[in-house]
Engineer: 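Sending over a structure as structure tokens; questions will come in a sec.
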Amino acid sequence: HDVTPVSPDYVISDRFAGKTYIVTGSARGMGKVAADRLAREGANVVGVDWIADEGAAVIAAIKAAGGKAEFVPGDVSDTAVCDRMVEVAVSTFGGLDGAINNAGVMDAIPPSEPIDYDKQKDLAFNPVHLASDAYWDVVMRVNATGVFRCMRAQLRHMVEQGKGGSIVNVASVAGLRGFSSTPSYVASKHAVNGLTKNAAIDYAPYGIRINSVNMANTDTPMVQRAKQLVGARMKALGGVGMGTIKTRSLLQYADTNHRDATPEEQVAIMLFLLSDEASNITGANWATDGGFTTY
Ligand code: ADP
């Protein structure tokens, strides 16, 4: 028996009225849903994405529906873009109450390129001995360095502002476990969880809570793309295992009874962590994975 996913027709509350949040990766997937739902629940939203046209369209749609939102195009691993997202929050909405640092990549293929595994395998999923510098560098830069630089800009302002707040970093079950052929993804998401725990300690005295969520497959464009790429990689490598360690693919649970989570289900958890109802939760690396990491 399947549990019914959260409806996209959200229950509307005003729990974030008057608050301002940054959402990175707001053009697609979970970030898009998070920006939309935060605005529906009264927040001022600053969306950030390096896909400028889709990102601007998402924010325009939120505004057309009566929400308060601004868009900052750019790469979250660029310090100038991180400073800009905070400046826009402060100059447009008068402050910053927190962020969902959600932008991330699983491969180093530019978002504008169509997927062609044979041509792009150096930029996609590989075990360490086959991994290129480009694959390692891009994924580490966006996922790990990007979260660090975004948090740094956000926290500089939030500390000075002195009103506390809440930050949610989006990691992955790959931040809690190892998976085959994804060395920089797994390393970068472990870094997100480590950064989250570290910052939670340093900013607790300022009343700023910092948590991460670790989802398994969620029905987003990134996971659809990964299914194509990992499928090709696993086929090329064959099932290599060592002793009792079976080759474990990030997508293996597609073969089990699990279903992909919906972006709405993940966003419901992120917004709970942002809200004051989560006032005693900080430094947590939550597994929001439908039970995936229980085995
Ligand atoms: P998911 O929702 O599963 O995390 P998606 O690919 O659907 O994955 O959404 C991730 C979003 O993050 C996309 O809109 C993507 O363009 C954005 N993104 C990824 N890397 C960056 C980056 N370096 N800078 C800004 N936005 C980024």
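Ligands are counted one by one from 1 in listed order, and the atoms in each one are counted from 1 as well.
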Engineer: Would you say the side-chain atoms of N143 and S188 include a donor-acceptor pair closer than 3.5 Å?
Structural biologist: yes
Engineer: Distance under 4.0 Å, heavy atoms only, partner ligand 1: which residues pass?
Structural biologist: G25, A27, R28, G29, M30, D49, W50, I51, G74, D75, V76, A103, G104, V105, V142, T220, P221, M222
Engineer: Hydrophobic side-chain clustering at under 4.5 Å (ILVMFWY, transitive links): who's grouped with I62? Put none if nobody.
Structural biologist: V58, I59, F71
Engineer: Taking D36 first and then K32, would you say they form a salt bridge - that is, a charged N and a carboxylate O separated by under 4.0 Å?
Structural biologist: no
Engineer: Return yes if a side-chain donor-acceptor contact under 3.5 Å exists between T20 and N44, otherwise no.
Structural biologist: yes
Engineer: Go through it in stages, so that I can follow the logic: the residues are F292 and M215, the test is side chain to side chain contact (heavy atoms under 4.5 Å, CB included), and I'd like the CA-CA distance, side-chain angles, deciding distance and then a yes or no.
Structural biologist: CA-CA 9 Å; F292 185 52; M215 70 281 307; over 6 Å; no
Engineer: Does a donor on one side chain and an acceptor on the other come within less than 3.5 Å for Q154 and N101?
Structural biologist: yes
